[in-house]
Amino acid sequence: MRRSLRLTACALVPALFPLGTFAETVTLRVLGQPSGSGLIAQQKEMPYFEALAEKTGLDIKIEYLPVDVAGIPDTDGLRVLRSGLFDIVSIRGPQVSRDEPSVLGLDLVGQNTSFEAGRAHVAAFLPYVDSRLQTAFNAKLVGMWPAGPQVIFCKPEVASLADLSGHKVRVGDQSAANFVAKMGATGISMPFGEVQQSLARGVVDCAITGPASANSGGWPEATTTVLPVALQLAMNGYAINLRSLEKLSPDEQAKLIAALEALTAEIWDFSEELYDDAMRCNTGAEPCERGVSYNLTAAPVSDADLAAVSAAVTEISFPVWAEQCNAVAADCAETWQATVGALLAK
């Protein structure tokens, strides 16, 4: 009789606890920013992902790997995401825009000349870019954040944008290449890790990046001048493979997305702090708290330079980009005009 009762009890277990109730820990592979790209990756992104399970309370395991350590070109971020090789990718906006041009519409030259402008323009156009990534790459775009205002570092002394004429300038994307061409310079695409030596050897005369990244990369050792006119904000962001997201319950999905949105918000604030500190560090001013102190000359930014950058949106960057983006999605430029363009027109 006892044996019969035990068997009956055992038979009830599957009914009370159906298969799948005992969920296994979900492993999420994260492809991060390059390990040497600066303090945002080192002090914000990597530590946040390493503590993500604890922060969210989710039963997840995070495997975080910087893109350069993984040996994957940062231009392949969206392809890697679509393939499912990684579940979350810290996408590098200018680099992945070759596969999805709408991403570049978040940060055309002359569009985001301040953090305030960048926040507004990203919020306006991000829903469209998200829809494009969901359609073309089976990925949800959670948020975008800035590496920081992109300014110009030069080995020869320069006093204005006009002085770029005849020089070779390392650029981050085609939008910047078109802009420096308008200034009479030649835009050259080059991985960040190669820039410092290229400046030292004269392969390029000038290069564009954020002050904090330049400081981390030792660019002031090979340059004399920084022209702090902001061309772009160098947008990056987080996207999740939709199949990976579906491994979680709706409530878990919401918690994960909220956590990534919180990280994005943290980086916006941190990026602004880094910019101010790095500009002081690069020019030998105090306090210099997060970088190495150098002695670059900061060229004054003239009204003519500001006007040239402001005019670049309508005269240079938007027309070229609109043609490229519309070739992929017919409503791309029209949507940008109705969102970002409407804000710029105010």
Side-chain angles (χ1 to χ4, degrees), residues 6 9-35 37 39-72 74 76-93 96 122 126-127 129-145 235-271:
R6 284 199 301 269
C10 290
L12 287 174
V13 171
L16 293 173
F17 302 97
L19 291 176
T21 299
F22 301 102
E24 294 183 359
T25 300
V26 174
T27 297
L28 297 176
R29 301 194 72 206
V30 180
L31 188 66
Q33 293 287 307
S35 56
S37 60
L39 297 180
I40 290 176
Q42 297 163 12
Q43 296 186 9
K44 286 294 177 181
E45 182 179 274
M46 184 171 67
Y48 195 94
F49 275 110
E50 289 177 342
L52 190 60
E54 181 181 350
K55 288 178 179 293
T56 59
L58 296 175
D59 187 12
I60 57 175
K61 176 185 177 184
I62 298 294
E63 295 180 354
Y64 177 91
L65 197 62
V67 65
D68 52 335
V69 176
I72 297 173
D74 54 10
D76 290 351
L78 291 177
R79 301 180 198 181
V80 166
L81 191 60
R82 180 170 55 193
S83 73
L85 182 61
F86 283 84
D87 304 287
I88 300 173
V89 172
S90 183
I91 61 172
R92 293 166 63 73
V96 303
V122 167
L126 189 143
V129 181
D130 174 38
S131 71
R132 286 290 308 149
L133 262 58
Q134 292 200 36
T135 299
F137 295 93
N138 196 47
K140 177 173 180 57
L141 181 61
V142 178
M144 299 292 292
W145 51 264
M235 300 304 302
N236 303 283
Y238 299 114
I240 310 174
N241 181 290
L242 290 175
R243 290 189 302 275
S244 302
L245 197 58
E246 289 167 0
K247 295 177 183 177
L248 304 174
S249 70
D251 180 62
E252 291 169 334
Q253 292 178 28
K255 288 181 179 179
L256 178 59
I257 290 171
L260 295 181
E261 289 174 340
L263 171 58
T264 301
E266 280 189 27
I267 295 178
W268 271 97
D269 293 339
F270 188 58
S271 181

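Here the shortest heavy-atom pairing between Ala139 and Leu81 reads CB-CD2, 3.2 Å. Nearest heavy-atom pair, Leu248 versus Ile60, reported as atom, atom and distance to 0.1 Å: CD2-CG2, 4.3 Å. Annotation for Trp268 and Met144: closest pair NE1-O, 2.8 Å, computed over non-hydrogen atoms. Summarising the geometry of Leu65 relative to Ala70, their closest heavy-atom pair is CD2-CB, 3.5 Å, with the distance given to 0.1 Å. Phe86 approaches Leu31 most closely through the heavy-atom pair CD2-N, 3.4 Å. Looking at every heavy atom in both residues, Pro34 comes nearest to Pro66 through C-CB, 4.4 Å.
Counting only heavy atoms from C-beta outward, the side chains of Leu260 and Ile240 approach each other to under 4.5 Å. Residues Trp145 and Ile40 are in side-chain contact: their nearest non-hydrogen atoms beyond the backbone lie under 4.5 Å apart. Counting only heavy atoms from C-beta outward, the side chains of Leu28 and Leu52 never approach each other to under 4.5 Å. The shortest distance between side-chain heavy atoms of Leu78 and Arg82 does not fall below 4.5 Å. Put simply, the side chain of Leu85 reaches to within 4.5 Å of the side chain of Ile72, judged on heavy atoms.
Here Thr27 contributes atom OG1 and Asp59 contributes atom CG; the two are 9.5 Å apart, rounded to the nearest 0.5 Å.
Ala136 pairs by the side chain to side chain contact (heavy atoms under 4.5 Å, CB included) definition with Glu100, Arg132, not counting sequence neighbours. With sequence neighbours excluded, no residue satisfies side-chain hydrogen bond (donor to acceptor under 3.5 Å, both in side chains) with Thr56. Contacts of Ser131 classified as side-chain hydrogen bond (donor to acceptor under 3.5 Å, both in side chains), with partners at least two apart in sequence or in another chain: none. Take Arg29 and apply the salt bridge (Lys or Arg N to Asp or Glu O under 4.0 Å) test, not counting sequence neighbours, and it matches Glu63. Applying the salt bridge (Lys or Arg N to Asp or Glu O under 4.0 Å) rule to Lys55 yields no partners; only residues at least two apart in sequence or on another chain are considered. By the salt bridge (Lys or Arg N to Asp or Glu O under 4.0 Å) test, Glu50 is found to be paired with no residue, residues two or more places apart in sequence or in another chain being considered. Scored by the salt bridge (Lys or Arg N to Asp or Glu O under 4.0 Å) test, Arg79 finds Asp76, Asp99 as partners (sequence neighbours excluded).
Aromatic rings of Phe49 and Tyr238 (six-membered ring for Trp) have centroids within the 6.0 Å cut-off, being under it.
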**OP:** I would like to know whether Leu141 and Ile91 meet side chain to side chain contact (heavy atoms under 4.5 Å, CB included); could you show each step before the answer?
**Re:** CA-CA 9 Å; Leu141 181 61; Ile91 61 172; 3.9 Å; yes

Original post:
Does the pair Leu245 and Ile257 meet the rule for a side chain to side chain contact (heavy atoms under 4.5 Å, CB included), with working shown?
Top reply: CA-CA 9 Å; Leu245 197 58; Ile257 290 171; 4.2 Å; yes

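Sorted by first and then second residue, the salt bridge (Lys or Arg N to Asp or Glu O under 4.0 Å) pairs involving residues 134-144 (not counting sequence neighbours) are Asp130-Lys140. Residue pairs meeting the side chain to side chain donor-acceptor pair (under 3.5 Å) criterion with at least one member in residues 83-92, sequence neighbours excluded, are Gln33-Ser90, Gln33-Arg92, Glu45-Ser90, Asp74-Arg92, Asp87-Ser244.
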